[in-house]
Amino acid sequence: MKRYLYYPGCSLRGTGKAYEESLLAVFKALDIELEELEDWNCCGATAYMSIDEVNAFALAGRNLALAEKKKLDLMAPCSACYLVLNKAQHYIKEYPKVAQTLEHGFKAAGLTYTGAVKVRHPLDILINDIGIEQIKARIKKPLAGLKVAPYYGCQIVRPYATFDQMYYPVSMDKLLRAVGAEVVDYPLKTRCCGGSQKGTLPEVGLSLIHILLKEAGRRNAQVVATICPLCQFNLDAFQEEAGKKYGEVSMPVVYFTQLLGLAFGFSAKELGLERNIVPAKRVLAKFEPAVA
Amino acid sequence: MSEEKPKSPQAGPNGFEPKIVAFFCNWCTYLAADLAGTSRVKYAPNIRVIRTMCSGRVDPQFVLDAFARGADGVLIGGCHPGDCHYQEGNYKTLRRVKMLRRVLREMGIEEDRFRLEWISASEAERLKVVVNDMVEKVRALGPLQGDGTRDSGLGIRGEG
Amino acid sequence: MDARNGDVRIGVFVCDCGSNIAATVDVKAVAEYAAALPGVVVSREYKYMCSDPGQELIRQDIVEHKLNRVVVASCSPLLHEETFRGAVAKGGLNPFCFQMVNIREHDSWVHTDRARATEKAIALLRAAIGRVAFHKPLERKRVPIHPDVLIVGGGIAGIHAALTLANAGKHVYLVEREPTIGGHMAKFDKTFPTLDCAACILTPKMTAVKKHPNITLWTLADVTGVEGYVGNFQVTVTRRPRYIIEDLCVGCLECIEACVYKQAKVPDEFNLGLGKRKPIYISFPQAVPQIPVIDPETCIDFKSGRCKKTCIEACADRHAIDLKQQPQVETVPVGAIILATGYQPFDARKVPNYGYGVYPNVYTSMEVERLINASGPTGGEVVLRDGRKPESIGIIHCVGSRDEKTNKWCSRVCCMYSLKLAHLLKEHTGAEIHNFYIDMRTPGKGYEEFYNKLLEEGVHMIRGRVAEVTDWATTPEEEGKLVMCAEDTLISFVRRVPVDMVVLSVGLVPQDDAQDVRRLFNISCSSEGWFLERHPKLAPVNTFTDGIFIAGACQAPKDIPDAVAQAGAAAAEAMVLIDKGYVEMEPNTAYILEEECSGCKTCITLCPYSAISFLSDKKVAQINEVLCKGCGTCVAACPSGSIMQNLFEDEEIFKEIEGVLVNV
Amino acid sequence: MAVKKMIKYEVERDREFAQWVTGVIGGERIRNCIQCGLCSASCPLAPYMDFTPRRLMHMAREGFKRDVLGSFTIWLCTSCYSCTVECPRKIQVTDIMYALKRRAIEDGAYPKRFPIPVLAGEFAAMIRGKGRVTESWLVVKVFLKASILRLLGMSKLGTQLFLRGRMNMMPDSIRNRKQLQTLLDAVEAHKEVAA
């Protein structure tokens, strides 16, 4: 049985609850043991970088230091967390002076970090450690005929493409096909969702969101699958507003783990599908297990 | 905050600057050093190059003699395996160097003071990295037996 | 004359090389230091030692001061050792009573700290002075040169070099691995900037090669072995079976007509898969030799053995077809070798965002050359894979060039051929054409004028590297088109340009097997994988291995005029060698002091040239001076220290070690 | 329309700034830029920027500090790293954007209508205090500071999120806040040493 350290990150405890719920369900079904990183702190996300870079690395650094003690790979499902943790590691290696500065911090805080932690994404783990066959074996209700647009967003394969191609990632495509879904060719799969732009320049943020949803529709997708809480939030929560401004769109946006979960026979509730603003029921109902 | 890599060599304790004798083969490493020149690649001035036609010409005596006469490090540069201008001279060198390492260890001369590197005619950058790195390491080690007792054990040859 | 007897009178000459050395090294101080060293009679510093006055200075001093040793501290011996040996000889000294010190490439150019650079120069000079005292007069031995020349690669460079040498009466072996000579040029339609048709200027040269009595042409052949040295190479060439006997075939091509495949079914290499051929085929109408070739991969008889063999019937009493033909191995002696192995186009799949191999209407420049070529798969009609005629075309420059992610270099020909293709495509289709370039590079006779002509023709020039080619449509007019997205950097807008056809102007990269070829011929490659010339300016077609020359794009990307010019130069260099009739070997060979040899035979196994033999009567080893290449491996290995090497005597090297280590 | 002066004088160049930008983490290669515009073309936000990333890179290395720090561009960057992975000269454009944001905040040079600095500020403060971020709180605080109106405009969505349990109103926190703060302080103290 595989074991990993689990770094939820702030979003999975807030707007991204459904991601955590579905993720835990799916991993349980695959007998993957997750141990939550004790007393983890916010990774600093992208915002902190604009305030203070080295401190941002320090934030990530504390988590890495805590993780290193456990001698397990550290799984970060949120794209921002995944990137920041990776980036911190990268820069600690690349720039001796960053490392030196952090050393002082670590010493003062009674921490040590040698750079041994491997930061992993659920996609990476499912494809490379568990494998398609294992996943197929768990299917109770294949998602036959469900047309999905796989949306990776930016920070998973960029800039550190560790487990998938940078320009046209396919790991999620493979998983979705494995559970019977039909994956549409979606050229915008790594295009930015606008991140926090919605908050700062609504018209810009909304247009980016709209572009993604519209193209998914144009490719006859019935649902967009995401791997990032911020992407999901933007595409789901602001869909109505974007539609009002740039033309009607109606496209449920779910986490890939929710789709896997359905195929594994979990209920919409267990997978947090009810948390969607744009109801996913319309397209997904037929895959839900019959209420016993 | 500038981050220059590799770190430029700064003078060691009490300004000790290691002397490194380098034996470069005429066809690969010597050319790499020439290329470094024509492309103005900068590296530490601590090495003194002695040209041989092939790294295979480097007699273990040369290395011992260099250490005996005050070298703090010895670097042998040859063609990459398979690229030797004389078919396989560099393999002969490799074999000889392995034996030589043992001797040096017994004489208490640290690993980092003696190095064999394959550097092809086009690898000026690599030459720079190797030289700077070796100078750094040897500088950190300090002078070889700085107490003047160094001649003992190492016979000096070649008095014309 | 030797250090151990008779007095040593050394002259030292330190070169400023203008400011090249003097700026970083205190040459005066160096010269003064040397003046005080034992044996040094005169020590000078001079602006340019390699200049005539510089050399004259050496001559005079030798006479005036009765010098018997000379040391020059200047640039790399690989640049000027011969020059100064000559000067020394002029002064009546043996040229080997001379030692050169490299204080430019190895000192002033690579260091910045003047004090330490000077200290280094002094150390190196001191070593040379110590060493030169042991130098003794040596004679160069002369070896006759075999007059024949091997040329590898039958592209325009190889062809031109072959004809030049053959016309000068030299016999040439031209080896080409494809079924025909002609190389990339044979695939082109027109050539820039004059737009004369490639075939019209190339095919006459190809036939000339075939007809020439002094040229032995081997196609479908690879060089599989090279031995020997300048003037006396032994080259092994393996000729792959064509399954047609060249001497019997008259090139009527009826066999192709008669093949059981009525329709051509096999994707044809020459047209980059845009057209089809039969299992028995000829690459293109003007192929040389005009002899078909059978592809065993696709020929039914090779696969099943049960073919009607209609080709053999058609060949009738000529009996030129031999399905049992075996590879042939030829071994020939040559005096010089010219490598003209060319380049290969960059693989566009390595830039995924341009969608080559994903979107059918994305083409490489090479494919387009075939599309617009009258003898190409479409007879010169430019139609897309779906049969439509393009109304708008985008050409992307620098694909696989000027990019840290692919190749750093500028491929040098793409700007010009992109402009050429723009012109030809406009001519063939009347489409609206957009060239996306980073910098327009048109250095060459008539090139800028050609660019200007294109501007007048109304081709759109957009300065910006394309980020992606996509079928993602954002506006109605983008629907069903390929959209090219780039910043028009001259107006600072990001532009989306919908087109029917995308042309990727792929760069030039070294051949896949460049490294193997390099090893085979014992030459060097630049870090990018191009063959390394001896000197970028002064010896552009020589290599560091005497007798082996390079021509054309195997040395670096270049256009046809430059490739031809270089081929001419290589041919001339080869001729210089041959017409001289002999080579003088560096006298750095090893020799054995019989009285000291213990007869342990250690050295014998070490010599890669089996130059060492054992005299069973005397129980000592002996070195054959002619076979010895002077690597010195045996010298270093001799347990009894009885092997010596001229120019690299133990004493000489020990003195160098002593010299570089003396505290200044 | 108002006439705009389109000439630049050398006095407007801040050489210290140009030097500084090559020194920031990721800025080492900015001088290698060949102005091909690949960064702009691959940037999803470029259409909304006052200066395209390519222009900004050149303005920065030439030292036109005022124009660079006053530009919208740096605030539009969502750090999606397209430019960084595309750049044919391996220039870390995203990192440079970060550095410019920081510099703009330090110099107080950013265009006022952008709440990002506020967001970032609040964000940092909350992390320092609690070690974690409670999005809902953050959003509220930011909008209170930046524009109360926009918050009202969002209230419908707010309720929806709340009803679907996606608005966690209990501010979350780590236990060992002391450690985190010591860490940050120590790093802060030694930063200049590193610089």
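Lettering of chains follows the sequences in order, A, B, ..., and the numbering in each one begins at 1. Side-chain atoms are counted along with the backbone in the values below, which use heavy atoms only and exclude waters and symmetry mates.
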Stepwise, does the side chain to side chain donor-acceptor pair (under 3.5 Å) test hold for C:Asn522 with C:Thr545?
CA-CA 7 Å; C:Asn522 203 337; C:Thr545 305; 4.6 Å; no

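Within the 4.5 angstrom heavy-atom criterion, only side-chain atoms of B:Phe23, from C-beta onward, approach chain C. Both the backbone and the side chain of B:Thr38 come within contact range of chain C, judged by heavy atoms closer than 4.5 Å. Only the side chain of C:Ser524 has a heavy atom closer than 4.5 Å to any heavy atom of chain B. Using a 4.5 Å cut-off between heavy atoms, B:Lys42 contacts chain C through both its backbone and its side chain. Interface residue C:Leu661: backbone and side-chain heavy atoms are both found under 4.5 Å from chain B. Using a 4.5 Å cut-off between heavy atoms, B:Val58 touches chain C through its backbone atoms (N, CA, C, O) alone. C:Arg518 touches chain B through its side chain: at least one heavy atom from C-beta onward sits under 4.5 Å away, while N, CA, C and O do not. For B:Leu35, no part sits under 4.5 Å from any heavy atom of chain C, backbone or side chain. If you measure heavy-atom distances from B:Arg96 to chain C, the contacts under 4.5 Å come from the side chain alone. Proximity to chain B (any heavy atom under 4.5 Å) is shown, for C:Leu606, by both the backbone and the side chain. With a 4.5 Å cut-off on non-hydrogen atoms, C:Ala637 touches chain B through its backbone and its side chain both. C:Cys75 does not touch chain B: none of its heavy atoms, backbone or side chain, sits under 4.5 Å away. For B:Cys28, no part lies under 4.5 angstrom from a heavy atom of chain C.
A 4.5 Å side-chain heavy-atom check between C:Pro540 and C:Gln555 finds every atom pair outside the cut-off. Looking at heavy atoms from C-beta onward, C:Lys655 lies in side-chain contact with C:Phe134 at the 4.5 angstrom threshold. With a 4.5 Å cut-off on side-chain heavy atoms, C:Trp109 and C:Asn20 count as touching. In this structure, B:Cys84 and B:Tyr91 have side chains that are not in contact, with every pair of non-hydrogen atoms separated by 4.5 Å or more. For the pair B:Asn46 and B:Arg139, the minimum side-chain heavy-atom distance is below 4.5 Å.
Minimum interatomic distance between B:Pro18 and B:Asp72 (heavy atoms only, all atoms of both residues): CA-OD2, 3.4 Å. When all heavy atoms of B:Ile47 and B:Ala22 are compared, the pair lying nearest together is CD1-CB, 4.4 Å.
With respect to chain B, the highest number of heavy-atom pairs below 4.5 Å among C:His111, C:Glu105, C:Arg519 belongs to C:His111. Note on C:Ala127, C:Ala117, C:Pro77, C:Cys634: by heavy-atom pairs under 4.5 Å with chain B, the leading option is C:Pro77. For the set C:Gly632, C:Gly659, C:Cys631, the entry with the most heavy-atom pairs within less than 4.5 Å of chain B is C:Cys631. Among the candidates B:Ala121, B:Gly56, B:Ser39, the residue making the largest number of heavy-atom pairs closer than 4.5 Å to chain C is B:Gly56. Between chain C and the residues B:Gly82, B:Cys25, B:Gly89, the most heavy-atom pairs under 4.5 angstrom are made by B:Gly82. Comparing C:Lys120, C:His106, C:Gln645 by heavy-atom pairs within less than 4.5 Å of chain B, the highest count is held by C:His106. When B:Thr52, B:Val41, B:Leu31 are compared by the number of non-hydrogen pairs under 4.5 Å with chain C, B:Leu31 comes out ahead.
Only one option out of C:Glu651, C:Glu658, C:Glu652 pairs with C:Arg131 in a salt bridge (charged side-chain N to carboxylate O under 4.0 Å, His left out); it is C:Glu652. With respect to C:Cys603, the side-chain contact (heavy atoms from CB on, under 4.5 Å) criterion is satisfied by exactly one of C:Ile623, C:Thr633, C:Ile643: C:Ile643. Between C:Phe531 and the options C:Ile550, C:Thr543, C:Ile548, a side-chain contact (heavy atoms from CB on, under 4.5 Å) holds for only C:Ile550.
Looking at B:Asn90 and B:Asp83, their side chains never bring a donor and an acceptor atom within 3.5 Å of each other.
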